[in-house]
Amino acid sequence: MRPLTTFFKPLVSPLVSLGIVMALWGTGSLFFDPFVLPSPMETLGRADLLCTPEFFGHLSFTLGRVMTGFILSFALGTLVGIIAHVLKITAWVEALMMMLQVLPGLIVGVLFLLMVGVGSVAPVLLVVTMTTPLIAINTAAALAKADPLMEGVIRSFNGTRMDVIRDLYIPLLVPAMRANAGMGTTMAMKVALLGEFIASENGLGFLINVARIYFNMQEVLFYVVVILLFVLVIQLVISAVFMGFFKKYFYPG
Amino acid sequence: MLRANRITKIFNRQTIIDDLSFSVEPGETVTLMAPSGSGKTTLISVLAGIDPDFSGTVETGTRQQGVVFQDPGLFWYKTVQENIAYPLGLRKIPWCRNMEARCREWMAVTGLAGFEGHYPHEISRGMKQKCAIIRTFLCNPDLVFMDEPFSSMDQASARLIIDHIHALHPHITLVLASHSLNQATGFSDRVFQVTQTPISVFEITTP
């Protein structure tokens with residue numbers, strides 16, 4: 001029973017959250033015209049959109065951009081966070097990353113569109129620009145939690161710098177990486193959609209833009225639900241991987 | 001043996017230790033007794049070689065030395081058993097049958113038997129401290145620095161541990177730091193009392 005519980009337990013809170021969002025949406029839809037805010041049932045009635053071959057093409061473009069952007073920003077953000085900690089310039093890097101973080105995605109997206117044109121590069125660049133600061137700040141903050149006493153303990157047993165990195169810093173990074181993966185993929189999804197909305201001729205963001213132009217809110221919201229479900233699945237996979245393989249690193253220090 | 005010669009330690013422009021010299025004979029147990037905040041931990045760090053940023057010299061002439069910190073300093077992601085065995089891995093000491101027997105004996109004496117598979121957050125502070133003590137002594141050191149090692153234990157447990165240390169390591173040199181007069185006089189051959197800060201001289205008494 002234990003593995004089953006371990007698997008299903010992380011499902012509870014996201015499903016409850018989804019239920020709450022649906023309930024709020026349903027309540028809101030009672031007060032507006034269906035052309036403005038269709039109900040969840042009306043929206044889910046557009047499931048036929050899933051059956052078109054074009055949809056999967058657009059979906060694969062979006063997921064490809066999200067994953068490419070996320071992997072690049074995860075690697076870059078982690079590296080920047082580590083370098084900031086090692087060189088003891090965390091405050092400077094955090095200030096810089098904070099500046100990047102507050103840049104409006106819409107403006108940056110338009111800039112990338114003008115620089116590299118329509119296609120996949122602009123959304124991916126936008127994901128990297130908007131997600132890297134978040135990951136870098138989080139990584140540097142996790143490393144700053146390293147207890148000097150623990151370093152002293154390792155050194156008192158003739159531990160080397162490599163031992164300190166392996167036994168102190170890497171275990172500290174695991175929970176940060178889990179948080180980065182969770183926040184990073186969500187952010188990457190949002191930003192990739194924005195990028196596609198502005199600077200692409202395919203992807204779910206593009207589909208949302210087209211549906212918006214025709215004021216087809218059912219279709220717009222249907223794509224949003226699809227995205228929401230994908231993000232949920234990604235979060236569950238991340239949670240399962242980290243809690244399955246690295247659970248002990250999440251115990252209180 | 002431990003010989004500290006003209007040690008001075010300045011931290012944040014404040015002198016913590018000022019031209020301190022003293023020596024401890026091999027096999028001796030001494031207690032550095034000082035009020036909280038007077039620099040005992042800093043002195044232990046300097047003597048144990050953890051803090052290299054000081055002037056003066058420290059000679060130990062020991063084969064293997066260990067430190068028991070005031071805070072247990074256990075790895076939160078390792079079990080009690082894994083924490084205890086940690087230094088063996090770093091020092092490339094094999095986990096042999098003899099080691100296992102010694103570990104089991106230590107666990108029985110400290111009351112940790114049965115908690116081998118527990119993680120630090122699942123045991124009390126006193127148990128964590130005992131775990132840190134076993135971790136240090138399992139490597140068979142001949143000089144050990146202990147910074148307030150019994151602060152979260154009752155006197156009887158502390159006595160039991162000290163007696164076990166002396167039974168297993170009759171020739172060990174122990175340098176304890178404590179602010180408790182009871183522990184200082186009960187466990188030591190000599191008490192080095194700090195009467196002024198920065199630490200520059202000890203008032204040495206024999207209990």
Side-chain angles (χ1 to χ4, degrees), chain A residues 2-3 5-6 9 78 82 85-86 88 91 138-139 141-181 238-253, chain B residues 11 41-42 44-53 60 62-80 82-93 117-123 128-129 131-133 135-141 143-148:
Chain A
R2 198 177 162 83
T5 318
T6 313
K9 208 175 168 186
T78 307
I82 292 171
H85 180 78
V86 171
K88 295 185 170 51
N138 211 21
T139 304
L143 292 174
K145 283 186 203 155
D147 186 352
L149 169 87
M150 291 308 293
E151 197 165 333
V153 168
I154 298 170
R155 296 229 182 260
S156 77
F157 296 124
N158 306 341
T160 60
R161 187 153 186 82
M162 278 312 291
D163 296 318
V164 173
I165 291 171
R166 186 194 60 213
D167 298 327
L168 178 60
Y169 286 104
I170 291 177
L172 271 176
L173 273 181
V174 174
M177 285 177 138
R178 189 240 177 278
N180 287 343
I238 291 167
S239 182
V241 168
F242 275 90
M243 294 321 271
F245 295 103
F246 308 107
K247 192 179 177 189
K248 63 181 183 177
Y249 296 108
F250 291 84
Y251 291 146
Chain B
F11 182 70
T41 301
T42 307
I44 290 280
S45 297
V46 165
L47 295 175
I50 294 163
D51 181 356
D53 185 23
T60 56
T62 49
R63 183 181 47 82
Q64 190 99 266
Q65 71 176 51
V67 185
V68 177
F69 294 86
Q70 187 170 6
D71 192 278
L74 302 182
F75 294 97
W76 72 96
Y77 58 90
K78 290 182 188 288
T79 61
V80 166
E82 288 167 346
N83 265 295
I84 287 172
Y86 178 72
L88 302 177
L90 286 189
R91 289 174 171 169
K92 312 263 185 299
I93 301 171
H118 284 59
Y119 284 92
H121 73 278
E122 297 172 323
I123 58 175
K128 284 181 202 170
Q129 196 64 38
C131 183
I133 291 171
R135 177 174 66 178
T136 301
F137 283 93
L138 212 57
C139 290
N140 209 10
L143 168 65
V144 176
F145 299 94
M146 301 175 90
D147 187 5
E148 301 273 8

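Letters go in sequence order (proteins before strands), and every chain restarts at 1.
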Residue list, side chain to side chain contact (heavy atoms under 4.5 Å, CB included) with A:Ala146, at least two apart or on another chain: A:Leu168, A:Tyr169, A:Leu172
Under 4.5 Å from any heavy atom of chain A - which part of B:Thr136: both
Among B:Lys78, B:Gln65, B:Glu122, B:Arg135, residue most engaged with chain A (heavy-atom pairs, under 4.5 Å): B:Arg135
ring-ring contact (aromatic ring centres under 6.0 Å, His included) partners for A:Phe250, two or more places apart: none
Shortest non-hydrogen contact between A:Pro252 and B:Trp76, atoms and distance: O-CB, 3.6 Å
Per-residue contact mode, A:Asp147 against chain B (heavy atom under 4.5 angstrom): neither
Chain A-proximal positions within residues 84-91 of chain B [heavy-atom distance under 4.5 Å]: B:Tyr86, B:Pro87, B:Leu90, B:Arg91
Heavy-atom side-chain contact between A:Tyr251 and B:Pro120 under 4.5 Å: no
Name of the residue among B:Tyr119, B:Phe75, B:Tyr77 meeting ring pair (Phe, Tyr, Trp, His ring centres under 6.0 Å) with A:Tyr249: B:Tyr77
Distance-only donor-acceptor pairs under 3.5 Å for side chains of residues 148-160 of chain A, two or more places apart:
| residue | atom | partner | partner atom | Å |
| --- | --- | --- | --- | --- |
| A:Ser156 | OG | A:Val153 | O | 2.7 |
| A:Thr160 | OG1 | A:Met162 | N | 3.4 |
| A:Thr160 | OG1 | A:Asp163 | N | 3.3 |
| A:Thr160 | OG1 | A:Asp163 | OD2 | 3.0 |

